[in-house]
Each structure stands twice: as C-alpha cells, then as structure tokens.
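Keep in mind that the numbers below use all heavy atoms, side chains included, and drop hydrogens, waters and symmetry copies.
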Amino acid sequence: QVQLVESGGGSVQAGGSLRLSCAASGRNFSRHAMGWVRQAPGKDHEFVAAINWSGGSTYYTGSVKGRFTISRDNDKNTVYLQMNSLKPEDTNVYFCVRYSGDNYYSPRDYWGQGTQVTVSS
C-alpha cells in the first residue's frame, strides 16, 4: 500500500514563500511520476505541477509558472513544491499525487491527505 504524507503548509503573507514536502511510503517510488494539485472550498481540483520519474521533465499550470518549482529526491522517496511570490489566490488545500506510470500523462492513482496553504494580503 502506498501512503503520501504532505507537510510544510501554513500561513504566510503575500510575497512570501513556503516549501511543501510529500513523503511516499511503499516501493518503486522512482518508477512513478509525481505531482501536486490544489482545491479551494467548493471548487474542483486544479492541477498545479508534475514531475516525471527522473526529475528531468516538469510541467506547471500557467498561473504558477515562474513562481513554483517542483522537484524530487528519489533516494528519500520525497517530492517537493517550492512556492515563491505567493499570492492570496494561491490559498488552497494542496494535495500530493502519484501517477500510475513514469510520466504525468498517466492516471493519478494515489493521493495524500492534503495540507492547507493560506496567503494573506
């Protein structure tokens, strides 16, 4: 069974930074693409960023490009989301997700429990 545990959320003022971490249990972490999605109350999930199995390819939604950076450490079974220049509209619950394959075009098959990020103006 795979478990994804997020950490690093919190409250920050606009313009500030946070770094989210997602520790994955289970085997074969390095064989799977990983990503982050977010959800505001009453809204659908929104894709944020994804990274392929090796870390050599990343993809971002337009609203975070240039401000957020996704990375991974396969030795530590961990994926990160560095969030800079945060805006109030980045306020969401952020979920770590695993993709079933080695690239982010495959379906998501596991989700973390989510971590709250709140950005005040």
Within a radius of less than 6.0 Å around CD of Q113, do more than 12 heavy atoms belonging to other residues, nucleotides or ligands occur? yes

Apply side chain to side chain contact (heavy atoms under 4.5 Å, CB included) to residues V37 and R108 and explain how you reach the verdict. CA-CA 11 Å; V37 300; R108 302 166 189 150; 3.7 Å; yes

Answer with yes or no after comparing the ring centroid distance for W36 and H45 against a 6.0 Å cut-off, counting only values under it. no

Cation over ring face, R38 and F47, 6.0 Å, 45°: no

Salt bridge (Lys or Arg N to Asp or Glu O under 4.0 Å) for D109 and R98? Distances and angles first, verdict last. CA-CA 6 Å; D109 58 1; R98 195 190 83 164; 2.7 Å; yes

Distance col, row I51:CD1 vs S71:OG, nearest 0.5 angstrom, shows 6.0 Å

same_hphob_cluster(V117, L81) at 4.5 Å side-chain heavy-atom cutoff: yes

Mark yes or no: R72 above the aromatic ring of Y80, with NZ or CZ under 6.0 Å from the six-membered ring centre and no more than 45 degrees from the axis. no

Would L86 and I70 show up in the same hydrophobic cluster when neighbours are defined by side-chain heavy atoms closer than 4.5 Å? yes

Side chains of Y104 and T58: is there a donor and an acceptor less than 3.5 Å apart? no

Flag if over 12 foreign heavy atoms under 6.0 Å of CG, D44: no

Please report the interatomic distance CG(N84) to CZ(F68), rounded to the nearest 0.5 Å. 8.5 Å

Whether the side chain of T91 engages the backbone of V119 through a donor-acceptor N/O pair (distance < 3.5 Å, no angle test) should be reported. yes

Exercise: do Q39 and E46 side chains pair donor with acceptor under 3.5 Å: no

Please check this pair: side chain of S85 against backbone of G15, looking for a donor-acceptor N/O pair closer than 3.5 Å. no

Give me the atom names and distance for the closest heavy-atom approach of N74 to S54. ND2-CA, 4.5 Å

